Visitor: 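What follows is a single structure, and I will ask about it in a moment.
Computed from a predicted model, the values in this text were never measured in an experiment. Below, all heavy atoms of this structure are taken into account, side chains as well, without hydrogens, waters or symmetry copies. Counting starts at 1 for both ligands and their atoms, following the listed order.
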Amino acid sequence: MEPRRGRVLTGFRPTGDLHIGHWAGNVGNAVRLQDEGYECFYFVANWHMLTTHYDRTAELGSLVEGIVLDLLACGIDPERSTLYLQSDLPEVAEMALLLGMIAPLGWLERVPTYKERLRDMAERDVANFGLLGYPVLQTVDISIVRGELVPVGEDQVSHLEISREIVRRFNRLFGEILVEPQPLLSDFPLVPGSDGRKMSKSLDNAIGLVDDPDTIRAKVRSFITDPQKVRLGDPGRPEICPIYALHTRFSPDIVDWTRDHCRSGELGCVDCKTNLADRLIEELRPIRERRLELASEPGLVWKVLGEGRERVGPVVRETMDAVRDAMGFSRP
Ligand code: TRP
């Protein structure tokens, strides 16, 4: 008999359109695991979005629709993967209250993403209980569906570490009920943006997954390259060039050639960028076309999320019953 494949779970915050960094990282991984036959649960973390965007709730509905269309266009197949919305599951909120009782403040205050958010969003008032509790809610997302493998970006490893500690603490106190999850990192964790920093929508350095070909070309042209390579003939240093980093992921067949001809100076940055843009446009074309097609089907997103809720509901209720029972909340 084939060994049982683990249960995969991951969440996506609906922060706006996906970019090629997501595609090379978490989203690509989620599609691959589905295609390899794992049992996959994927959800939109719209409550998590409130930890920093509680004053932008009016946008949330359309952000949810946007990310679901993006995920479907990327190849998440709602027949094979269960795709649902966090806020459709009140049990998640109930269990977050319970796990919050055993999550030490010290663990939560030490999380790097918490400190970063407080620092980076200093102009907005995000120093709230909800933001501190972010990893508790994330732990519930995972453990309430008994997720074992969690494809995430590197920035999420500290959250997963806390999840494992909270699960261990729960099991020690109340019995072996919850499963310790494992993070699954992408082979290609660091996708640089046009300024060489990590690609991110908020840094305005990203190539969108559904950008049209002209936009892709213009954005690729705007990328920094090795500052010492000024004109054709100057030898370049691919290892410090963000365009080269993208070649390693998006044009594997010419990546060695690109490296050698950049180093020797024979390949200029303009041509090198054109090669990359050509590949990107080809790879993203089907995603973009599918996204346009899907967006023209009215009601599709909410239908998919409704079906996802039906499928995940029994799993979630079973865990919640076990947790209530273990903590002494079931009625006689
Ligand atoms: N924190 C994740 C992110 O920012 C999103 C998320 C929420 C998540 N809950 C999760 C990821 C559970 C994995 C598992 O990308």
Side-chain angles (χ1 to χ4, degrees), residues 6-19 21-31 33-34 38-53 60 63-64 67-68 70-71 74 76 81-89 91-93 95-96 99-100 103 108 111-117 120-121 126 130-167 178-186 189 191 198-202 206 308 312 315-316 319:
R7 182 173 286 179
V8 173
L9 170 131
T10 198
F12 302 92
R13 269 181 319 138
T15 50
D17 298 335
L18 292 184
H19 55 65
H22 298 116
W23 178 232
N26 204 17
V27 175
N29 253 350
V31 174
L33 290 162
Q34 162 196 279
Y38 284 84
E39 186 189 6
C40 298
F41 288 82
Y42 298 137
F43 72 97
V44 179
N46 57 343
W47 278 336
H48 273 109
M49 194 68 187
L50 293 184
T51 58
T52 49
H53 291 64
L60 263 179
L63 286 172
V64 167
I67 185 111
V68 171
D70 285 344
L71 294 172
C74 285
I76 300 290
S81 297
T82 302
L83 183 57
Y84 61 96
L85 185 61
Q86 185 182 37
S87 65
D88 273 341
L89 302 175
E91 290 84 358
V92 170
M95 189 165 153
L99 287 201
L108 300 173
V111 178
T113 46
Y114 173 65
K115 293 193 246 172
E116 276 161 30
R117 288 266 148 75
D120 296 347
M121 298 189 161
V126 295
L131 182 63
L132 183 66
Y134 190 115
V136 176
L137 184 56
Q138 181 158 347
T139 303
V140 173
D141 293 328
I142 301 167
S143 53
I144 204 164
V145 302
R146 319 186 75 70
E148 293 161 304
L149 269 185
V150 186
V152 281
E154 226 149 0
D155 59 323
Q156 297 293 316
V157 171
S158 60
H159 290 166
L160 261 286
E161 202 38 60
I162 289 218
S163 292
R164 294 159 55 79
E165 292 193 76
I166 294 176
V167 163
L178 305 180
V179 184
E180 264 185 55
Q182 304 287 343
L184 184 84
L185 290 172
S186 152
V191 177
K198 183 177 182 220
M199 187 174 284
S200 141
K201 188 176 156 72
S202 56
V312 75
V315 180
V316 159
T319 310

Visitor: Hey, does the side chain of Arg7 reach the backbone of Val145 with a donor-acceptor pair shorter than 3.5 angstrom?
Guide: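 Flag set: sc Arg7 to bb Val145 pair under 3.5 Å.
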Visitor: I'd like the contact residues of ligand 1, where contact means a heavy atom below 4.0 Å.
Guide: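 Lining ligand 1: Leu9, Thr10, Gly11, Arg13, Phe43, Ala45, His48, Tyr134, Gln138, Asp141, Ile142, Val150, Val152, Gln156.
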Visitor: Please check: side-chain N/O of Thr51 versus main-chain N/O of Trp47, any donor-acceptor pairing under 3.5 Å?
Guide: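 Flag not set: sc Thr51 to bb Trp47 has no pair under 3.5 Å.
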Visitor: Quick one: does Tyr42's side chain have a donor or acceptor within less than 3.5 Å of a partner on Ser81's backbone?
Guide: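 Not at all, since once roles are kept as given, no pair shorter than 3.5 Å links the two residues.
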Visitor: Looking at residues at least two apart in the chain, or sitting in another chain, which of them share a side chain to side chain donor-acceptor pair (under 3.5 Å) with Arg13?
Guide: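 Arg13 satisfies side chain to side chain donor-acceptor pair (under 3.5 Å) with Tyr134 once adjacent residues are dropped.
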Visitor: Short question: side chain of Ser186, backbone of Ala24 - any donor-acceptor pair under 3.5 Å?
Guide: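 Yes, Ser186 side chain to Ala24 backbone: donor-acceptor pair under 3.5 Å.
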Visitor: Looking only at atom types and distance, does a side-chain atom of Arg164 sit under 3.5 Å from a main-chain N or O of Gln182, one as donor and one as acceptor?
Guide: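 Not confirmed, Arg164 side chain does not pair with Gln182 backbone.
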